[in-house]
Trainee: 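My structure is below; once you've seen it, I'll send some questions.
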Amino acid sequence: MKKILARPYDFQLELASCALVVIDMQRDFIESGGFGEALGNDVSILQEIVPTVEKLLSLWRELSGLVIHTREVHLPDLSNCPPAKIRRGNLSTKIGDPGPMGRLLIAGEYGSEIIEPLLPLKDEVVIDKPGKGAFYNTDLGKILNEKGITQLIIVGVTTEVCVQTTMREANDRGFDCLLIEDATASYFPEFKKSTIDMIVAQGGIVGWSTPLSNLLQGLIN
Ligand code: C5J
């Protein structure tokens, strides 16, 4: 058991029961010309966390920890896309529309792929999810249970949408989640801060949060 300094109190990490979940580090959210930019966002703010996620990912691989990647993608005919996701916002550019990196958030398109520095290894699990949360309409829960995982280290984008939704879904399913603060980002820095505050409030009502430096420190002790 490794003691990790975290908010609201120390996280007791058990490597064999803990998976690293890397959420939606896809071109569509992080690079220019994707879904995130089509919604009017500045994607450079998400790019800032890439080196931190990369550092954690290589360390986790060295430790032989379980790595799970997720992608927010939909089938080309949109048959698995919750209809509200297409309707919502009355946007001029919607999921499935063509963009410079292919159709937005559609499986198989260039923009839907995970960015180069964080590409999954052959044996790593990649969960394609039609919802914001990674448990909704996916095999994630089954895979984690089969592998005896009870703790999740969570990183990725965006903090208040897919990261927070996944963390809440995981929490309700009994997983202890530790969010790595400098390995998650939002297009809205104030939303990131509020999300972290909400997660750790009331004794960790959703989970724990800490910077990567504390995780690294705890792992070497
Ligand atoms: C969003 C996500 N923000 N991965 N997706 O639509 O957070």
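Note that ligands are numbered from 1 as they come in the structure, with each ligand's atoms numbered from 1 the same way. These numbers were taken from a predicted model, which means no experiment stands behind them.
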Trainee: So if I count the atoms of ligand 1 from 1 in the order they appear, which ones are less than 4.0 Å from some heavy atom of Val157?
Mentor: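 Under 4.0 Å from Val157, ligand 1 has these atoms: 2 (C), 4 (N), 7 (O).
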Trainee: Between Tyr9 and Ile199, is there a shared hydrophobic cluster once you connect ILVMFWY residues whose side-chain heavy atoms come closer than 4.5 Å?
Mentor: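 Each belongs to a different hydrophobic cluster.
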Trainee: At less than 4.0 angstrom from any non-hydrogen atom of Val161, what atoms of ligand 1 do you find?
Mentor: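 With Val161 as reference, the close atoms of ligand 1 come out as 1 (C), 3 (N), 7 (O).
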Trainee: Does the N or O separation between Phe35 and ligand 1 drop below 3.5 Å for any pair?
Mentor: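 Between Phe35 and ligand 1, no N or O pair is found under 3.5 Å apart.
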Trainee: Hey, is ligand 1 close enough to Phe29 that some N/O pair sits below 3.5 Å?
Mentor: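 Among all N and O atoms of Phe29, none is under 3.5 Å from an N or O of ligand 1.
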Trainee: Considering only non-hydrogen protein atoms, determine which one is nearest to atom 6 (O) of ligand 1 and report residue, atom name and distance to 0.1 Å.
Mentor: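 Result: Lys132 NZ, 2.8 Å.
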Trainee: In plain terms, say whether Arg71 and Asp28 are close enough for a salt bridge, that is, a side-chain N and a carboxylate O under 4.0 Å apart.
Mentor: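 No, no charged N to carboxylate O under 4.0 Å.
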Trainee: Salt bridge check, Asp197 against Lys193: does any charged N sit closer than 4.0 Å to a carboxylate O?
Mentor: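 Here Lys193 pairs with Asp197 in a salt bridge, since their nearest N and O are under 4.0 Å apart.
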Trainee: Does a salt bridge link Lys192 with Asp182, judged by any charged N lying under 4.0 Å from a carboxylate O?
Mentor: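 Result for this pair is no, no salt bridge flagged.
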Trainee: Considering only protein heavy atoms, which is closest to atom 5 (N) of ligand 1, and at what distance to one decimal place?
Mentor: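 Result: Glu72 OE1, 2.9 Å.
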Trainee: Hey, is Asp97 close enough to Lys94 for a salt bridge, meaning N to O under 4.0 Å?
Mentor: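 Salt bridge present between Asp97 and Lys94.
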Trainee: Can you tell me the protein heavy atom closest to atom 2 (C) of ligand 1 and the distance?
Mentor: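 For atom 2 (C) of ligand 1, the nearest protein heavy atom comes out as Cys162 SG, 2.8 Å.
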Trainee: Around atom 3 (N) of ligand 1, find the nearest protein heavy atom and jot down its residue, atom name and distance.
Mentor: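 Going atom by atom, the protein heavy atom closest to atom 3 (N) of ligand 1 ends up being Thr158 OG1, 3.4 Å.
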Trainee: If two hydrophobic side chains count as joined below 4.5 Å and joins carry through other members, does Ile4 share a cluster with Ile154?
Mentor: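 Ile4 does not cluster with Ile154.
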Trainee: Please determine whether a side-chain nitrogen of the Lys or Arg among Lys85 and Glu72 lies less than 4.0 Å from a carboxylate oxygen of the Asp or Glu.
Mentor: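 So Lys85 pairs with Glu72 through a salt bridge.
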Trainee: Would you say Lys129 and ligand 1 have an N/O pair spaced under 3.5 Å apart?
Mentor: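 Between Lys129 and ligand 1 (N or O atoms, distance only) the closest approach is not under 3.5 Å.
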Trainee: For ligand 1, indicate whether the residue Asp24 contacts it via side chain, backbone, both or neither (heavy-atom separation under 4.0 Å).
Mentor: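 Side chain only.
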